[in-house]
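The sequence lines fix the lettering, A, B, ..., with proteins before strands; numbering per chain opens at 1. None of these values were measured; they are calculated from a predicted model.
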There are 2 protein chains.
Amino acid sequence: MAEDSTILIVDDEAAIRDVVGITLDLAGFDTIKAANARDAHVSIIDQKPDLVLLDWMLPGGSGIELARRLRRDEVTSNIPIIMLSAKASEDNKVQGLNEGVDDYVTKPFSPRELVARIKTVLRRVNAKQGDGHDSVLQVFDLQLDPTSHRVTIEDRAVEMGPTEFRLLKFFLQNQEKVFNRDQILNLVWGANIYLEERTIDVHIRRLRKALSQVKGTTINYSKLIQTVRTAGYRFSIRSA
Amino acid sequence: MAEDSTILIVDDEAAIRDVVGITLDLAGFDTIKAANARDAHVSIIDQKPDLVLLDWMLPGGSGIELARRLRRDEVTSNIPIIMLSAKASEDNKVQGLNEGVDDYVTKPFSPRELVARIKTVLRRVNAKQGDGHDSVLQVFDLQLDPTSHRVTIEDRAVEMGPTEFRLLKFFLQNQEKVFNRDQILNLVWGANIYLEERTIDVHIRRLRKALSQVKGTTINYSKLIQTVRTAGYRFSIRSA
DNA sequence: CAAGTATGTGACAGTAATGTTACCGGGAAG
DNA sequence: CTTCCCGGTAACATTACTGTCACATACTTG
């Protein structure tokens, strides 16, 4: 079995992150950590954990909010979520499960219980979908490898910042479809983040610039990112 | 998008109403205001706002009471509600969400956050209704794809401006029927906008020109847009 | 045919949307 | 602590679209 599954731990308290992290390490899981909803969302988009352990109480944006957002976005909608909470209230529980959360664990919990629940959820999910996971995304001679976090054109490395990487990955996974700035913000940056929409234009510019780095290619890869006036941006291999 | 949505602001403090009102005005929303639950209810019935911003604490009838009432009445039950509150307590939040409230914003909040949340809720609500709305519209070898925001004739791209795109989409959805300029103005440009009716003729011209871009087709697609003298325009396939 | 009305067409200027550059502040790395 | 990198923003530059006009053409009516 995939005991080397990666779990993202989202909690604002470092102590909890550490305790849970150690528990899961001992159980043979890989762990990533995030202290707030924004970082969590970035990590999820970026690293595609196999499961998210999500605290109900998060500063600057509740966990339930993030859960809802993850469910809505088709890229992240199949990542299972287990909610962590100090509250034993049935109301919360019902609310959480309604949001598409896979399970609900109340603090305090025993390590053994937590691990058991994680395994149960993973088994259930894996049974549903035989997953070919982080495969390399490719368009013509452009390759993006989520695992090694690397982009190449005709086997030559393309330098870009983390945000441009996530943006490109998003586009590669959602080609031929126009997204307005609002959608891009929500899907690439994450929920509960409030930025100027023009920020996107700048990152689009940076991404196009990065793709133009590699000279002498048959295809102008920066042209694949198309502006659709008043509508947003689109990644399309149809241009000529 | 329809940024001309109308928002009803319900708060007993005039200062808050003003601040929020200005914020939403700047974001391009229309606003109505109410100082208490009764006025709010009247305004909602009367003007059918697209969304209600509702203060938690209201004199003579709490906001949550109003929210509950709105949900119960079938006429108002699908109007989204965002609760405003000075209380940061999670309990309130959970209770609010259980009452069918769509989102919950605690004071103090940044204008940007408020606007973003409103947009998110509106998008979610709008998405629910119009999901079969995104199918490809086709007439002979002319295709208009709302998702990729693209028009093709025999798989070749047709360039046109945003207004021409909307116009063509409108015609494809309403074929064989004559519309006068007034109707076209209202249905394509939107209500409460005043333009010279002749403006439409110009856009019709531009659309016809765009459709003539693609040469060598069996069908002259620009001919499908027909002038009906003294009556308006009609999109009809009965002529080719 | 002439006059009157409706629509086609090309050009123009204001403006909205996007492209581009530069700067600042925060956080990580050393 | 300093340095460097990066993300977000603002300011400026550029592009593309919109709406209107003026004139041309077509149709209608008497």
Side-chain angles (χ1 to χ4, degrees), chain A residues 33-36 38-39 41-43 45-46 60 149 158-168 170 178-182 184-186 188-190 192-213 220 222-223 225-234, chain B residues 1 3-4 26-28 110-113 115-116 149 151 158-168 178-182 184-185 188-190 193-213 220 222-223 225-234:
Chain A
K33 289 162 189 167
N36 57 61
R38 183 195 165 171
D39 289 352
H41 197 271
V42 169
S43 293
I45 298 280
D46 212 27
H149 218 269
V158 181
E159 300 298 332
M160 65 179 71
T163 304
E164 284 67 57
F165 182 85
R166 278 185 289 123
L167 194 53
L168 177 58
F170 168 75
V178 173
F179 295 91
N180 65 39
R181 291 172 175 72
D182 222 25
I184 295 175
L185 267 186
N186 283 313
V188 177
W189 271 257
N192 304 329
I193 182 113
Y194 311 105
L195 300 178
E196 287 297 323
E197 295 198 334
R198 294 302 311 278
T199 298
I200 289 166
D201 300 47
V202 178
H203 283 284
I204 290 281
R205 148 85 172 152
R206 287 170 180 160
L207 178 53
R208 281 175 173 156
K209 205 174 182 180
L211 295 177
S212 303
Q213 271 173 42
N220 184 344
S222 69
K223 289 275 171 63
I225 300 168
Q226 299 163 357
T227 305
V228 183
R229 189 166 246 250
T230 71
Y233 293 98
R234 166 181 60 202
Chain B
M1 266 279 253
E3 290 276 298
D4 51 348
L26 289 175
S110 74
R112 190 181 291 168
E113 174 184 355
V115 171
H149 209 275
V151 177
V158 181
E159 301 297 334
M160 64 181 70
T163 304
E164 284 68 58
F165 185 87
R166 277 184 287 131
L167 194 54
L168 177 58
V178 178
F179 294 92
N180 64 38
R181 291 172 175 72
D182 211 26
I184 295 176
L185 224 37
V188 177
W189 271 258
I193 182 169
Y194 181 69
L195 295 179
E196 287 297 323
E197 294 200 332
R198 293 303 311 279
T199 298
I200 289 167
D201 300 48
V202 177
H203 282 283
I204 290 282
R205 150 77 174 155
R206 286 170 181 159
L207 178 53
R208 283 174 172 156
K209 203 173 182 180
L211 294 177
S212 303
Q213 267 175 50
N220 185 343
S222 69
K223 288 279 170 62
I225 300 168
Q226 299 161 354
T227 305
V228 183
R229 189 158 230 252
T230 70
Y233 294 97
R234 167 179 57 201

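The separation between B:Glu196 atom CD and D:dT20 atom P is 5 Å, rounded to whole Å. A:Leu185 has its CG atom 13 Å from the C1' atom of D:dT9, to the nearest Å. In this structure, the CD1 atom of B:Ile200 is 14 Å from the C1' atom of C:dA6, given to the nearest Å. Spacing between atom CD of A:Glu159 and atom P of D:dC4 amounts to 18 Å, rounded to whole angstrom units. Here C:dG19 presents its P atom at 12 Å from CD of A:Gln226, a figure rounded to the nearest Å. Atom CD1 of B:Ile225 and atom P of C:dT7 are 15 Å apart (whole Å). Residue B:Ile204 contributes atom CD1, which lies 11 Å from atom P of C:dT7 at whole-angstrom precision. Computed from coordinates, the A:Asp201 CG to D:dC12 P distance equals 18 Å when rounded to whole Å.
Within 4.0 Å of A:Thr227, counting heavy atoms only, lie sugar-phosphate atoms of the nucleic acid but no base atom. Residue B:Thr230 is in sugar-phosphate contact alone, with no base atom involved, counting any heavy-atom pair closer than 4.0 Å across all strands shown. B:Tyr233 comes within 4.0 angstrom of the backbone, heavy atoms only, and of no base.
The shortest distance between the side-chain N/O atoms of B:Arg181 and the OP1/OP2 oxygens of C:dT7 is below 4.0 Å. Side-chain nitrogen and oxygen atoms of A:Trp189 include at least one within less than 4.0 Å of the OP1 or OP2 phosphate oxygen of D:dG8.
Taken from CG in A:Leu207 to CG in A:Leu211, the straight-line distance is 4.5 Å, to the nearest 0.5 Å.
A side-chain contact (heavy atoms from CB on, under 4.5 Å) with B:Arg234 is found for one member of B:Thr227, B:Val228, B:Ile225 and no other, namely B:Val228.
A:Arg198 meets the salt bridge (Lys or Arg N to Asp or Glu O under 4.0 Å) test with A:Asp201; sequence neighbours excluded. In this structure, the side chain to side chain contact (heavy atoms under 4.5 Å, CB included) partners of B:Leu185, at least two apart in sequence or on a different chain, are B:Trp189, B:Leu195, B:Ile200.
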Give each protein N/O atom lying under 3.5 Å from an N/O atom of nucleotides 14-17 of chain D, with the pair distance.
residue : atom : partner  : partner atom : Å
D:dT15  : O2   : A:Arg229 : NH2          : 3.4

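The shortest heavy-atom contact between A:Glu197 and A:Arg181 is O-CD, 3.8 Å. Summarising the geometry of B:Ser222 relative to B:Arg208, their closest heavy-atom pair is CB-O, 3.4 Å, with the distance given to 0.1 Å.
For A:Gln213 (side chain) and A:Glu159 (main-chain N/O), a donor-acceptor pair under 3.5 Å exists by modelled atom type.
The base of C:dG8 sits with one of its N or O atoms less than 3.5 Å from a complementary donor or acceptor on the side chain of B:Arg198.
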